[in-house]
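The shown structure was predicted, so the numbers you read here are calculated from the model rather than taken from an experiment. Letters go in sequence order (proteins before strands), and every chain restarts at 1.
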There are 2 protein chains.
Amino acid sequence: MLGMMSAVAASLGSKGERTRERILDVALDLFRQHGYEATTMRMIATAAGVALGNSYYYFPSKDHLVQAFYERMHAELVEACRGILDGHVALRARLRLVMRTRLDVLRPYHGVSGTLFRTAADPRSPVNPFSDASGPTRRASIDFLRDVLAGSNARLPRDVASTLPHLLWLYELGLVLFWVHDRSPQQRRSYELVDDTTDAIVRLLALAHLPGLRRIRQRMLHWVSTLVAEGAQ
Amino acid sequence: MLGMMSAVAASLGSKGERTRERILDVALDLFRQHGYEATTMRMIATAAGVALGNSYYYFPSKDHLVQAFYERMHAELVEACRGILDGHVALRARLRLVMRTRLDVLRPYHGVSGTLFRTAADPRSPVNPFSDASGPTRRASIDFLRDVLAGSNARLPRDVASTLPHLLWLYELGLVLFWVHDRSPQQRRSYELVDDTTDAIVRLLALAHLPGLRRIRQRMLHWVSTLVAEGAQ
DNA sequence: GTCTATAACCGGATAGAC
DNA sequence: GTCTATCCGGTTATAGAC
């Protein structure tokens, strides 16, 4: 009996973890169906089969459900990229694939994502991508981008190479912000934007070697580090 | 008597307009003192001497107070720049002055501005800078930046000149976003960022003439127009 | 110590009378 | 244009069950 229990616990997690997953699952479903505002905590609790107050035991606020959503989206991106990048060594191709996959993974949430990203600009919200609470996801995202870079055959100046993952993370934020506002069918425009901007990034990186731009390049890289690292505080 | 009434109406607006101004004034005061969330509509109504329901006659939602805040901040920027730019014809100097003044004007609201800008990423909020409701302020801001450019002695390719105001407006948004997160004393870092980035912008504009970058330049300008003009929808 | 349930609080928003 | 009364939903306090 005990053995069985452990096996279940190992595969599905403890009872509490399963309840947490169930709440998050129904919450994201309801968000997609009715939107963020229209989905009440009471609806979520009912659909998950728990009492209202109980859902606050697992998620201290409605915002924390959004935080969990981000984490899930990151995990899905990494999973979806597994295998896709193999055999591609050109930086442009790798970037394009990752960013297109980013949009693919987010697609089911396009309708609600506007509201889900609503708190992104609030420095005091835990959901803000620069916050401490977002730190683990942010670092995971940046590390992932570093791997994407490392797998390419691009040869970059040392200072560029070390900061580029942070810059790309900012680029990814901007891309998602564009996508959120994109009303073209299937968000086709956002995919075109990916193609054009990844191309531009690679071409501009080639300019990074120009000696006349050395000082300005270093200053801009400094600001990127400042924003990503210390904007976090 | 009637003449007096008209005179008062002309200087202070109708009774309704004065009530609206009073509500907005106390709201912004309370926001600065207690923050956005901590300031309740009940507090605002009481301080303005109107009933709770009545304040909703003037501002359909708490968000609409934020909208009015944006409009006021734009008006204050234009007012504060009056005279300051005279005699400066170098684009770098003009940009730097405008952006520094932008931060000066916002400074009293640094504490709350995070929350005030919270809805910036929500495409369906009227407060979102790309929304229809923000259209007038957005256009006014872009027109203002166009004037700032026009007063400089910079000679730019035609396509760059026509889109640069939109690009600068995006730059201004980004700058404010940085400033919101800036915890350095007096937000000194943000002012340094202004200096470094206005410098970078002017230097990069000089590169716009390079023939090898023509195609990429046109594509990027196209995206800026798309985002600012049609992101609005 | 982990989890669940009930009841209440508070504030944004609305309805409808005057 | 202004008020009163009310709704609705996020959040919290708290008491207890496993």
Worksheet item: A:His110 and side-chain hydrogen bond (donor to acceptor under 3.5 Å, both in side chains): which partner among A:Gln187, A:Arg32, A:Gln186?
Response: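 Looking at A:Gln187, A:Arg32, A:Gln186, the match for A:His110 under the side-chain hydrogen bond (donor to acceptor under 3.5 Å, both in side chains) is A:Gln187.
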
Practice prompt. Go through B:Asp182 and B:Ser184 one step at a time and tell me if the side-chain hydrogen bond (donor to acceptor under 3.5 Å, both in side chains) criterion holds.
Written response: CA-CA 6 Å; B:Asp182 185 357; B:Ser184 64; 2.7 Å; yes

Discussion item. Which nucleotide wins on minimum distance to the side chain of B:Tyr58, given the candidates D:dG10, C:dA13, D:dT2?
Written reply: D:dT2

Practice prompt. State which of C:dG12, D:dT11, D:dG9 makes the closest approach to the side chain of A:Thr40.
Written response: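 Ranking C:dG12, D:dT11, D:dG9 by closest atom to the A:Thr40 side chain puts D:dG9 first.
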
Taking any heavy-atom pair under 4.0 Å as a contact, classify [X]: base, sugar-phosphate, or nothing.
X       : value
B:Phe59 : nothing
B:Ser55 : nothing
A:Gly53 : base

[X] has an atom [atom1]; how far is it from atom [atom2] of [N], in whole Å?
X       : N      : atom1 : atom2 : answer
A:Met41 : C:dC9  : CE    : C1'   : 16 Å
B:Leu65 : C:dG12 : CG    : C1'   : 12 Å
B:Ile23 : D:dC3  : CD1   : C1'   : 13 Å
A:Tyr57 : D:dT12 : OH    : P     : 16 Å
A:His64 : D:dG10 : NE2   : C1'   : 14 Å
A:Lys15 : C:dG1  : NZ    : C1'   : 14 Å
B:Glu37 : C:dG11 : CD    : C1'   : 11 Å

Worksheet entry | Distance-only polar pair, side chains of B:Tyr191 and B:Asp104, donor-acceptor under 3.5 Å |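 The criterion, which ignores hydrogens and geometry beyond distance, is satisfied for B:Asp104 and B:Tyr191.
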
Fill in: NZ/NE/NH1/NH2 to OD/OE distance under 4.0 Å, A:Arg72 and A:Asp25
yes

Using a cut-off of less than 4.0 Å, is there contact between a side-chain N or O of [X] and OP1 or OP2 of [N]?
X       : N      : result
A:Lys62 : D:dG9  : no
B:Asn54 : D:dC3  : yes
A:Tyr56 : D:dA13 : no

Worksheet item: Are B:Tyr109 and B:Phe69 close enough that their ring centres sit under 6.0 Å apart?
Response: yes

